[in-house]
Amino acid sequence: SFTLARLLVLPLSSRLLPSTIAQFGTVFTVIGSCGFYRLTMHAAGFVQMYKMEDLPDQALDIRPMLLCLALVGAGSCPLYPMMLGAVRRHGDMNAKQQGLFMSSYSSGITVGMWLPGLISLPYLEIVGSTAMFMILSSHVRDFPLTERGSLAAESSTDEETDEEAA
């Protein structure tokens with residue numbers, strides 16, 4: 001799913017803003033991680049209720065879990081490159097701030113690969129994807145869904161029309 005997402009992101013990046021692609025990527029990761037968390041909790045309940053030999057064959061169908069992980073992979077694929085593109089295009093950061101941002105971003109990825117050894121992966125996925133979604137959604141100035149100039153041009157045109165009418 002990661003490679004397929006890369007093949008889809010390439011043509012989309014010529015039509016959509018990097019921040020828009022990053023926003024949709026976080027939505028996919030949240031949906032996938034919520035499904036993965038729910039399915040693993042459901043599977044854990046079955047394992048606790050039965051002995052492994054007595055488990056029904058359909059109790060632990062792994063395909064839905066793999067589908068959720070594929071959705072997480074497809075959603076997280078464009079995040080790193082589109083995040084840098086969005087910050088460069090829309091952000092008001094200088095070069096030093098961008099360097100600190102990307103260093104913290106890389107450190108977060110490293111910690112995210114290390115933490116599943118201490119915390120359960122489904123819980124970590126849902127917390128991490130929700131945090132990414134909330135951060136991007138709360139910083140609309142740096143990660144807008146639409147082009148800033150088009151909205152500003154429309155509002156200035158409306159103001160000029162109102163002034164001419166008066």
To the closest 0.5 Å, what do you measure between [atom1] ([X]) and [atom2] ([Y])?
| X | Y | atom1 | atom2 | value |
| --- | --- | --- | --- | --- |
| Thr110 | Leu115 | OG1 | CG | 11.0 Å |
| Glu125 | Cys68 | CD | SG | 11.0 Å |
| Leu67 | Leu39 | CG | CG | 9.0 Å |
| Ile126 | Thr40 | CD1 | OG1 | 9.0 Å |

Heavy atoms, side chains only, cut-off 4.5 Å: are [X] and [Y] in contact?
| X | Y | answer |
| --- | --- | --- |
| Tyr105 | Leu79 | yes |
| Phe36 | Leu71 | no |
| Arg38 | Pro122 | no |

task: Examine Leu17 and Leu10 and state if one hydrophobic cluster contains both, with Ile, Leu, Val, Met, Phe, Trp and Tyr joined whenever side-chain heavy atoms are less than 4.5 Å apart.
output: no

- prompt: Do Ile109 and Met132 share a hydrophobic cluster, counting only Ile, Leu, Val, Met, Phe, Trp and Tyr and linking them when any side-chain heavy atoms are less than 4.5 Å apart?
  reply: yes

message: Please evaluate residues Thr29 and Phe133 with respect to the criterion side chain to side chain contact (heavy atoms under 4.5 Å, CB included), reporting the C-alpha separation (whole Å), side-chain torsions for both, the decisive distance (0.1 Å), and the verdict.
response: CA-CA 9 Å; Thr29 59; Phe133 177 75; over 6 Å; no

Of all heavy-atom pairs between [X] and [Y], which one has the smallest distance, and what is that distance?
| X | Y | answer |
| --- | --- | --- |
| Tyr37 | Tyr123 | CD1-N, 3.9 Å |
| Gly75 | Pro78 | O-CD, 3.4 Å |
| Leu124 | Gly112 | CD2-O, 4.0 Å |

message: Check whether Ser106 reaches the backbone of Ser103 with its side chain - one donor and one acceptor, N or O, closer than 3.5 Å.
response: no

- prompt: Can you tell me if Thr130 uses its side chain to pair, donor with acceptor, with the backbone of Val127 under 3.5 Å?
  reply: no

Non-neighbouring partners of Ile135 that pass side chain to side chain contact (heavy atoms under 4.5 Å, CB included), sequence neighbours left out: His139

statement: For Met82, the other hydrophobic cluster members (4.5 Å side-chain criterion, sorted by chain and number) are Val9, Leu12, Leu16, Ile21

